[in-house]
There are 2 protein chains.
Amino acid sequence: MTPGGPAISRAARPRPVPSQATGLNARDRAYHDLRYRILTGRLAPGTTLLETELAALLGLSRTPVREAAIRLAEEGLVSIRPRHGVTVVDLTLVDFRDILDVFSALEVRAVALAASRPVEPAAREALVQLVQKMERATAEGDIARWSDLDDDFHSTLVGLCGNPRLQRTIGEYWGLQYRGRRLILTHRPLPTASDTEHRVILDAVLSGDVAAAHAGHLAHRARADRVQLALLHRVLSPAEPPVLPILPSDKELT
Amino acid sequence: MTPGGPAISRAARPRPVPSQATGLNARDRAYHDLRYRILTGRLAPGTTLLETELAALLGLSRTPVREAAIRLAEEGLVSIRPRHGVTVVDLTLVDFRDILDVFSALEVRAVALAASRPVEPAAREALVQLVQKMERATAEGDIARWSDLDDDFHSTLVGLCGNPRLQRTIGEYWGLQYRGRRLILTHRPLPTASDTEHRVILDAVLSGDVAAAHAGHLAHRARADRVQLALLHRVLSPAEPPVLPILPSDKELT
DNA sequence: CCCCTCGCTCATGTATACATTACGAGAGGC
DNA sequence: GCCTCTCGTAATGTATACATGAGCGAGGGG
């Protein structure tokens, strides 16, 4: 692991935050704590809290909580309405489409960059392991585990791109799309296509084939996004007709 | 102009901020004021100020200034070192490469999206006008004016993409690359290639040819970024050998 | 019965107060 | 002369105080 590099996107992941992790100042604690609660659904979309209530919830004064809320608002996870408090943003299907669009564009770029650089043996090994574990999870039908591994695979890949700003921005969009992933977790089909595509992408990255990595990941993301949006459509608006002018057509931008 | 849409990236532009624009709260004033000063060079890279000094400079108390500084730090324009104050980030050539890489990836996506949607007559007209004005500026050798128009052209195009989050993130990266553009302003050759490419891109967007818009803008950005980085190399490290392993090779990712 | 206005409350935005602790200077030792 | 340890200062991080003005309800008018 390159020090300082992958740490950004990793630190943005919600899992390793046990809420009272010390060593941070109150503002960062508030930020991570709230982000964790939002991403994991402990703070449901639509929930509204006043700054005072947030401060009481976290056992802090308004100042650090307020600064954390501002940060979350800029990230797009909450919205602050001056007299109405801080509301956890409830993302629509269109929002998810927009988010995935940006996220994918950035990730494709990151993977192409990763392919253009040498990959350290440790990272190679980790990626290979991840792909194998995912295939095993698929075989066992353990979608939740597969999804976590998939997150790891993608963020590890992105961590190799060598562009810290790109990593940071991807981390932000990762947080935005994360709740969508969780929403459809129980509705996913077996991700055999993803597993196949992952192998292709990994081979391209490890062999330094930039064009193949770019094309492979672009195709992977385009397909995976279409699937995810279709499933989200079912979850978010089950009553509506299945017509989806929202979804990008199959061949565009290849 | 779609209300709320292009306003984001436009509002992020530095020009229309006369520093004492009222109607905003102190935090936003501090943010816009500082951002304006940084982008235009009034606050030079490397400048360090304590929170107290910033507050005095802007005639505000520490609280809103601090919140603005945090926002600028997240954007990457300043760095906050706990006991040392707020420092205007001095970007290196590598930073500019990284920034342009993200910026271009996002802009290419935005232009492709713009091509996939109908363009209102007013916007069509505005874009055509801009291209013509740029060609005139090129003919007259007025590079500064051309550069401003180029900014307008690109941001207008991005404003058509219909993805507000994409626009917002592009606006952030626009701010990061802006100082680089200014640095090389006096060193630019006549932008005849850009003018040609702009026509191609505009035609593709107006006719709804997504693939052509994508390819055209990708090529445009790749070439323009190479030129910009080469010029930045001269300006930032004039003594060093002209070897640039940093620059992307000509054909990658096409 | 509905709408409009007036007034009050209280959430926020900003200012200020206070405690902590990192940094640097200075002295002392090697 | 150089390195180290200690101590004081002061910048920040956090808490609190305070003024403003927006939103909501009550009451009155149509």
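Each chain gets a letter, A, B and so on, in the order the sequences are listed, and its residues count up from 1.
Look at CD on E53(A): it is 12 Å from C1' on dC10(C), rounded to the nearest Å. Atom CD1 in I70(A) sits about 12 Å away from atom C1' in dT14(C), given to the nearest Å. At whole-Å resolution of the value, CG in D28(A) and P in dT12(D) are 16 Å apart. In this structure, the CZ atom of R81(B) is 10 Å from the P atom of dG24(C), given to the nearest Å. One can place CG of N25(A) at 14 Å from C1' of dA22(C), the figure rounded to the nearest angstrom. Rounded to a whole Å, the CD atom of E67(A) is 8 Å from the C1' atom of dG13(D). In this entry the distance linking NE2 of H84(A) with C1' of dT12(C) reads 12 Å, nearest Å. Distance, L50(A) CG to dC24(D) P: 12 Å, rounded to whole Å.
At a cut-off of 3.5 angstrom, counting only N and O atoms as typed in the model, there is a donor on one side and an acceptor on the other between the side-chain of T63(A) and the base of dA15(D).
Note on D151(A) versus R181(A): salt bridge recorded, some NZ/NE/NH1/NH2 to OD/OE distance being below 4.0 Å. Comment: D33(A) does not engage R29(A) in a salt bridge, judged by the lack of any side-chain N to carboxylate O separation of less than 4.0 angstrom.
Comparing A26(A) and R83(A) against DNA chain D, the residue whose closest nucleotide sits nearer the 5' end is A26(A). Annotation: of the two residues near DNA chain D, L60(A) and E51(B), the 5′-most nearest-nucleotide partner is E51(B).
Backbone-only engagement by R27(A) is indicated by non-hydrogen atom pairs under 4.0 Å involving sugar-phosphate atoms exclusively.
Of all non-hydrogen atoms in I99(A) and R165(B), the two that sit nearest each other are CG1-CD, 3.4 Å. Closest approach of L166(A) to L106(A), counting heavy atoms only: CD1-CD2, 3.7 Å.
When distances are taken from the side chain of T52(A) to each of dT16(C), dG13(C), dT12(C), the shortest belongs to dT12(C). Comparing atom distances between the P64(A) side chain and each of dT14(D), dA15(C), dT12(C) picks out dT14(D) as nearest. Each of dG13(D), dA15(C), dG13(C) was ranked by its minimum atom distance to the side chain of R62(A); first place goes to dG13(C). With dT14(D), dT12(D), dG13(C) as the choices, the nucleotide that has an atom nearest any side-chain atom of R66(A) turns out to be dG13(C).
When only modelled atom types and interatomic distance are considered, D150(A) and S147(A) share no side-chain donor-acceptor pair under 3.5 Å.
Within the 4.5 Å cutoff, no side-chain heavy atoms of R27(B) are placed close to those of R71(B). Between L39(A) and L77(A), the closest side-chain pair of non-hydrogen atoms falls below 4.5 Å.
Comparing the axis of the opening five pairs of the helix from dC1(C)-dG30(D) to dC30(C)-dG1(D) with that of the closing five pairs yields an angle of 20°, rounded to 10°.
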